[in-house]
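Let me begin by presenting the structure, written as structure tokens, before commenting on it.
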Amino acid sequence: MKVVIAEKPDQAMKLASPFPHRKQQGYLEVHPNRLFPKGAFFTWAVGHICELVPPEAYNPAWKKWSIQTLPLIPESFRHQVMGSKAKQFGIIKQLLRRSEVKGIIHAGDAGREGELIIRTIVEQSGVHKPMKRLWISSLTEKAVTAGFESLLDETETRNLYYEAYSRSCADWLVGMNASRVYTILLKQKGISDVFSAGRVQTPTLALVVKREKEIASFKPEPFWEVKATFEVGKKRYDGVWHNEGESRINDPALAERIAAFCKDKPAQVHEVETERKEFLPPYLFNLSSLQATANKLFKYSPQKTLEIAQKLYVKGMLSYPRSDSAFVTAEEAKTFPEILSKLSKQPDYQASFPTPKTSIAQDRRYVNQKKVTDHYAIIPTEQVPNISRLPDDERKIYDLVARRLIAAHYESALFDYTTLTTLVDGRAVFISKGKVQIRAGWREVLFDEDKEDKESILPPLAKGDTGKVRKVEAKESKTQPPKRYTEGQLITLMKTAGKHLDNQELEKVLMKTEGLGTEATRAGIINMLKERKYIEVRKNQVFATQKGTLLIDVIGDKILASPEMTARWEQRLGQIGQGEASAQAFMEQVRKLSHKIVEDAVEQSREWKLESYDVSSMPKQASKFTLGSKVATCKACGGDLVDKGDFYGCANYKKSQCSVTVSKTIMGKKISAAMIKKVMETGKSNLIKGFQKGKDKFDAYLIWDEQEKKAKVHRE
């Protein structure tokens with residue numbers, strides 16, 4: 001008899017569904033069948049059941065945050081079962097220890113984290129029985145059955161466990177030491193908050209802060225352009241004055257003189273250059289590209305896209321979502337005709353069929369065994385749902401993935417790009433640019449996704465055609481600052497370790513780079529930066545907070561904030577997973593790095609100048625170190641007003657139903673604990689600058705309203 005351990009309850013249900021079974025408390029009992037002649041127990045983890053033990057478990061002296069104890073470097077790492085998940089761990093352990101159980105089937109997600117989660121549970125149980133590995137990329141009945149028929153030996157994926165274990169231990173070392181040293185040193189400078197730092201989160205934050213500073217330091221410069229509308233016969237088109245390839249004019253008087261010269265003058269088409277460009281269909285999705293596309297089209301956060309894709313995976317409709325590959329093997333390509341046939345029957349896709357290509361089995365843009373890593377690209381499975389019955393969010397994500405597969409079976413798109421040179425009165429040069437779509441190709445399928453900037457369509461004109469200037473004017477503009485990243489762009493930046501690339505470069509690099517974090521962790525890192533109050537996302541734009549900027553300022557250009565260095569670590573971890581590098585050697589490097597992080601921080605702190613930071617308005621991280629701490633005495637009932645994370649609330653809420661709460665953000669202004677304390681003690685805060693209501697910005701006080709028993713904004 002075997003015990004099959006899945007990563008989550010719903011996955012265990014899917015794995016057991018092809019076999020007769022009955023539900024028990026914490027597991028499923030599968031009756032004897034062809035693949036399990038003696039039956040089996042299918043049980044599950046609840047994500048991570050085990051965690052690395054806290055510092056004080058290694059050394060009681062490490063419980064206190066002190067510079068003298070840093071760096072914290074355990075001789076070896078240990079795990080413990082999380083208290084909230086002890087019951088399920090107990091069920092798994094009991095099943096593993098049963099005498100009739102002769103073997104284990106590791107059925108965690110087919111990736112690094114899945115390796116770590118299940119193997120750590122088995123290790124903590126103290127059971128040593130033969131183990132096999134289920135390795136599948138979709139949860140359809142067909143894939144599940146095929147997976148159990150061809151189980152791997154656990155040694156074939158053990159290196160991935162070493163990789164994941166090394167990653168978690170390295171993150172513990174870097175995160176624990178960096179967070180403590182910067183929190184302690186900043187507290188010595190009068191800033192009392194928890195400053196969490198880490199191997200991936202800090203260089204990611206550094207990218208956002210760098211852009212924030214570029215925007216803040218940008219000085220807009222005015223410039224002028226001369227724009228004209230030409231009339232040649234009955235054809236009209238626009239052009240911009242150029243001189244030696246430059247259209248911008250710094251002198252407004254000169255721009256006006258050029259416009260005056262051109263007014264009502266004759267115009268002649270001097271040159272017509274046309275270049276035909278071919279655009280191949282886009283690659284199939286990996287997780288990063290799916291997250292970036294969903295963010296661009298639907299403003300979904302990367303975390304939301306991952307969660308939706310995971311739901312579709314568990315339902316058996318999409319392949320494994322945490323994939324870093326945009327390719328499939330020849331074996332998967334064989335399933336495409338069946339999948340496309342089923343998609344063609346859906347009303348949403350009927351217009352896209354029949355596809356120009358019946359097969360892409362020989363197309364190395366999509367089918368390439370060498371470029372498939374742990375998993376192949378995210379594709380629809382043969383279990384095609386009724387699209388109209390899916391919840392809206394799931395329908396949108398499924399539609400993106402389905403259309404990418406359909407588009408891969410279409411021809412390239414062709415455009416003619418035309419550059420028109422017009423001479424006014426034989427002297428002034430005007431340039432007009434436009435494009436004509438010659439063949440839509442795959443753009444017929446991805447009409448929503450392909451929202452590129454549209455260039456104007458020029459009328460058909462020939463060299464020597466003559467006409468006149470219908471209208472001309474000098475227009476003033478200003479240089480624009482760089483734009484803030486969207487969450488989707490930040491995911492792509494993490495993938496490229498901060499490199500800004502055009503589309504062609506991006507296609508090449510995304511196929512081979514590791515970048516910051518992995519496909520599975522990037523969305524979580526961005527979420528973590530939000531929770532720790534380092535970044536804010538407003539209207540899909542990522543802003544660095546003052547707290548995030550402060551942390552990156554004090555770290556400076558040290559290794560902890562370096563995207564390139566972190567990307568190199570990620571590559572080394574990948575080599576461990578491939579059995580090409582030593583986990584022990586990597587961990588030794590991380591131990592040395594922990595020493596350097598502490599030394600660098602202590603040395604840098606002597607030079608820190610923090611006077612420019614408004615500490616009182618800095619958003620506090622809601623953590624076990626601040627959450628629940630008293631900030632004032634409640635003016636309504638005399639109880640403790642405590643930090644509740646996003647707001648301050650009375651601790652007597654349950655005891656005496658005191659409902660006093662104050663949000664930490666009122667009319668766009670951060671409300672600090674010091675402000676609230678002043679209101680509770682005196683009934684009125686000091687003047688607070690920077691409230692905003694609509695477009696109205698104003699300064700006001702926060703006052704206590706005795707009748708309503710609440711704090712209110714008051715303008716005098």
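By convention here, the first residue in the shown sequence is residue 1.
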Less than 3.5 Å apart, any donor N or O on the side chain of [X] or [Y] sitting next to an acceptor on the other?
X    : Y    : answer
T140 : Q383 : no
T155 : D153 : yes
D171 : S168 : no
Q489 : R484 : no
Q291 : T305 : no
R112 : T518 : no

Would you say that [X] contacts [Y] through its side chain, given a criterion of any heavy-atom pair below 4.5 Å between the two side chains?
X    : Y    : result
Q303 : I526 : no
Q124 : F89  : yes
I5   : V122 : yes
R322 : L306 : yes
K357 : Y410 : no

Could you grab the distance from atom [atom1] of [X] to atom [atom2] of [Y], nearest 0.5 Å is fine?
X    : Y    : atom1 : atom2 : value
T355 : I360 : OG1   : CD1   : 9.5 Å
L318 : I379 : CG    : CD1   : 9.5 Å
L151 : K2   : CG    : NZ    : 7.5 Å
Q310 : L287 : CD    : CG    : 10.0 Å
D399 : L390 : CG    : CG    : 10.0 Å
Q369 : T329 : CD    : OG1   : 5.5 Å

With sequence neighbours left out, write down each residue that passes ring-ring contact (aromatic ring centres under 6.0 Å, His included) with [X], or none if nothing qualifies.
X    : result
F77  : W172
Y313 : Y320
F298 : Y300
Y161 : Y165

Looking at [X] and [Y], would you say the former's side chain and the latter's main chain have a donor-acceptor pair under 3.5 Å?
X    : Y    : answer
H409 : L405 : yes
S344 : Q350 : no
T381 : G316 : yes
Y27  : V3   : no
S319 : S137 : no
S325 : A377 : no
S289 : F285 : no
R365 : P281 : yes
R395 : S388 : no
W442 : F279 : yes

side-chain contact (heavy atoms from CB on, under 4.5 Å) between V537 and T486, worked out | CA-CA 8 Å; V537 179; T486 64; over 6 Å; no
Determine, step by step, whether L529 and T204 satisfy the side-chain contact (heavy atoms from CB on, under 4.5 Å) criterion, reporting the C-alpha distance in whole Å, the side-chain angles of both residues, the deciding distance to 0.1 Å, and the verdict.
-> CA-CA 9 Å; L529 293 174; T204 302; 3.9 Å; yes
Step by step, work out the salt bridge (charged side-chain N to carboxylate O under 4.0 Å, His left out) result for R158 and E115.
-> CA-CA 8 Å; R158 197 185 292 167; E115 283 296 316; over 6 Å; no
Is it true that atom [atom1] of [X] has more than 12 heavy atoms of other residues, nucleotides or ligands lying nearer than 6.0 Å?
X    : atom1 : result
E331 : CD    : no
K23  : NZ    : no
Q362 : CD    : no

Among all residues two or more places apart in sequence or in another chain, which pass the side chain to side chain contact (heavy atoms under 4.5 Å, CB included) test with [X]?
X    : value
R389 : N386
E580 : Q575, Q578
Q88  : T43, W44, V46, I49, I91, I92

In short, salt bridge (charged side-chain N to carboxylate O under 4.0 Å, His left out) pairs touching residues 307-316 with sequence neighbours left out are K315-E394
Check [X] against [Y] and note the closest heavy-atom contact, atom names and distance.
X    : Y    : result
A309 : L290 : CB-CD2, 4.3 Å
R133 : G114 : NH2-C, 4.3 Å
L516 : R522 : O-NE, 2.8 Å
L493 : Y485 : CD1-CZ, 3.2 Å
Y398 : I387 : CE2-CD1, 3.3 Å
R532 : S196 : NH1-OG, 2.6 Å

Tell me, please, which residues at least two apart from [X] pass salt bridge (Lys or Arg N to Asp or Glu O under 4.0 Å).
X    : result
K530 : E487
E7   : none
K396 : D392

Show your working on side-chain contact (heavy atoms from CB on, under 4.5 Å) between Y534 and I552 and close with a plain yes or no.
-> CA-CA 10 Å; Y534 290 146; I552 297 304; over 6 Å; no
For the pair V542 and R211, evaluate side-chain contact (heavy atoms from CB on, under 4.5 Å) and give the outcome as yes or no after the intermediate values.
-> CA-CA 10 Å; V542 182; R211 176 52 57 95; over 6 Å; no
Which donor-acceptor pairs under 3.5 Å do side chains of residues 334-343 form with protein atoms, sequence neighbours excluded?
residue: T335; atom: OG1; partner: E332; partner atom: O; Å: 2.6
residue: E338; atom: OE2; partner: K342; partner atom: NZ; Å: 3.1
residue: S341; atom: OG; partner: K345; partner atom: NZ; Å: 3.3
residue: K342; atom: NZ; partner: E382; partner atom: O; Å: 2.8

